[in-house]
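Right, one structure below, let's go through it.
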2 protein chains.
Amino acid sequence: MKHTKGLRMARASDTLIEQLKHDIFSGLLKPGDQLEEADLATRFGVSRTPIREAIRSLVDCGLLETRPRKGAMVRVLTAKELNDLFEVAAELEGMACRLASDLLTLSDKKDIEASLELCRSAAEAEDIPTYAEANLAFHAAIHKASGNAWLVDQLDQIQARINVYRLMPYEVVGRLEKSLTEHREISDAIFTKNGALANTLMRDHMMLQGARLPSLLNALE
Amino acid sequence: MKHTKGLRMARASDTLIEQLKHDIFSGLLKPGDQLEEADLATRFGVSRTPIREAIRSLVDCGLLETRPRKGAMVRVLTAKELNDLFEVAAELEGMACRLASDLLTLSDKKDIEASLELCRSAAEAEDIPTYAEANLAFHAAIHKASGNAWLVDQLDQIQARINVYRLMPYEVVGRLEKSLTEHREISDAIFTKNGALANTLMRDHMMLQGARLPSLLNALE
DNA sequence: TACATCTTATATGGATACATATAGCAACAT
DNA sequence: ATGTTGCTATATGTATCCATATAAGATGTA
């Protein structure tokens with residue numbers, strides 16, 4: 001039999017990483033929660049080794065933090081750190097729009113329009129979780145259209161960090177419609193190849209969310 | 001005896017990470033080189049466990065890549081990937097200049113001026129390695145002045161990736177003096193609180209280096 | 001009662017042992 | 001001679017075992 005060279009077996013640690021990320025994003029694991037290796041090992045039915053690998057990865061992602069001999073806990077972000085994150089996110093999101101304006105393909109345009117339609121219907125139904133999902137799709141479509149793989153990676157990483165807080169801004173009355181309008185303006189600027197405008201609009205769009213964070217953080221405790 | 005609570009013991013894997021990074025930056029480990037866990041374990045006098053932790057971290061940094069069941073190798077960057085990196089680096093470096101212009105403290109200004117003086121003397125002596133060092137200090141001083149910790153992290157990470165290639169542009173005759181002039185213009189813009197100009201100048205400064213990469217990559221093989 | 005010191009439990013960090021998939025090589029058949 | 005098949009060696013992935021630092025609790029004394 002020919003050796004199945006393409007068949008790459010999944011590693012247990014990779015599965016764990018996905019699972020733990022999911023647990024963090026879904027709120028099952030809250031900032032400050034302690035992660036005990038033995039617990040996780042029994043819970044997932046594997047030994048401590050892959051658990052430790054997964055934890056190390058998540059530490060490198062910035063989702064967890066460890067103190068030597070003290071184990072891992074879900075990282076708690078201060079208001080300053082969150083603000084810093086949003087500032088960089090705004091810059092890179094704007095950059096993605098600029099690049100997308102230059103390089104836009106028909107396929108990219110279709111993807112952006114499709115995600116925009118998702119946003120529209122969710123906003124109409126005032127369905128916040130669905131809108132949040134559609135919002136991610138909209139941004140992801142633009143990221144992809146930028147054609148810069150490293151930029152996409154960075155934005156994914158940042159998004160993983162602020163994902164937990166991303167739902168909250170939409171709770172504000174009227175924010176959904178406002179967000180949708182901004183999305184329309186941004187995509188229009190991209191479609192008309194106005195990179196500078198698209199950049200600015202996206203930056204403002206992001207900063208608007210970031211600006212609300214202090215009050216949102218207060219609401220957390 | 002009172003427990004020495006502040007004394008945090010270093011983990012072996014952390015030391016290994018630093019060592020391996022150094023080996024990669026210094027060129028001892030070249031892109032494409034295979035890393036065998038057992039080899040490293042004997043070389044560093046530790047077991048495979050901390051070796052694996054270190055490798056995992058470096059993979060997450062993007063310095064290494066692994067194929068399941070095939071182990072780790074120093075990541076090889078394609079021209080496209082390098083270009084993407086420089087594009088993002090240029091954007092973020094520009095952003096750091098903009099923020100630094102707004103937030104500049106006296107201490108930050110002193111640091112930037114000091115690093116600039118290092119650049120000047122190295123350029124005068126036409127000492128490329130020393131200039132490269134001073135150049136890093138100049139950029140680092142600006143990063144710090146931006147006041148955005150996450151931005152500093154991201155720039156460090158990107159720099160780790162392109163560090164290997166960073167010496168080469170200076171081989172071009174006259175590039176040292178040109179680079180120094182650009183540094184002066186950038187710091188002047190920051191000192192006069194002209195954030196938009198500082199942003200643009202730094203972006204151009206970075207892109208100029210990035211633009212030379214294709215020819216530099218050809219010279220590699 | 002309060003404080004300090006010692007003991008002990010436990011969880012992390014590291015070492016080692018084991019299972020298995022991949023790759024290289026050889027032998028055989030066509 | 002070439003291509004295929006099967007064996008074997010080896011390195012990765014996982015499990016388990018051991019050492020030790022930390023922290024909590026107990027005990028004794030002032």
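In what follows, chains are A, B, ... by sequence order, proteins preceding strands, each numbered from 1. Heavy-atom basis, side chains included; hydrogens, waters and symmetry copies ignored.
If you take CD1 of B:Ile51 and P of C:dT16, they are 13 Å apart, rounded to a whole angstrom. One can place CD1 of A:Ile55 at 12 Å from C1' of C:dG13, the figure rounded to the nearest angstrom. Across the protein-nucleic acid pair, B:Met73 atom CE and D:dA11 atom P stand 17 Å apart, rounded to whole Å. One can place CD of A:Glu53 at 13 Å from P of C:dG13, the figure rounded to the nearest angstrom.
Counting heavy atoms from C-beta outward, B:Lys109 and B:Leu104 have side chains that approach closer than 4.5 Å. B:Arg56 places a side-chain heavy atom less than 4.5 Å from the side chain of A:Ser57.
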Nucleotide N/O to protein N/O under 3.5 Å, stretch nucleotides 10-12 of chain C:
{"residue": "C:dT12", "atom": "O2", "partner": "A:Arg69", "partner atom": "NH1", "Å": "2.7"}

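For D:dT14, neither phosphate oxygen OP1 nor OP2 lies less than 4.0 angstrom from any side-chain nitrogen or oxygen of A:Thr49.
Counting heavy-atom neighbours within 6.0 Å of B:Gln157 CD, excluding the residue itself, gives a total above 12.
B:Ser187 contributes a side-chain N or O that, together with a main-chain N or O of B:His183, makes up a donor-acceptor pair within less than 3.5 Å. Of the possible donor and acceptor atoms, none in the side chain of A:Asp23 sits under 3.5 Å from a partner among the backbone N and O of A:Leu29. Checked by atom type and distance alone, the side chain of A:Arg203 never pairs as donor or acceptor with a backbone atom of A:Glu93 at under 3.5 Å.
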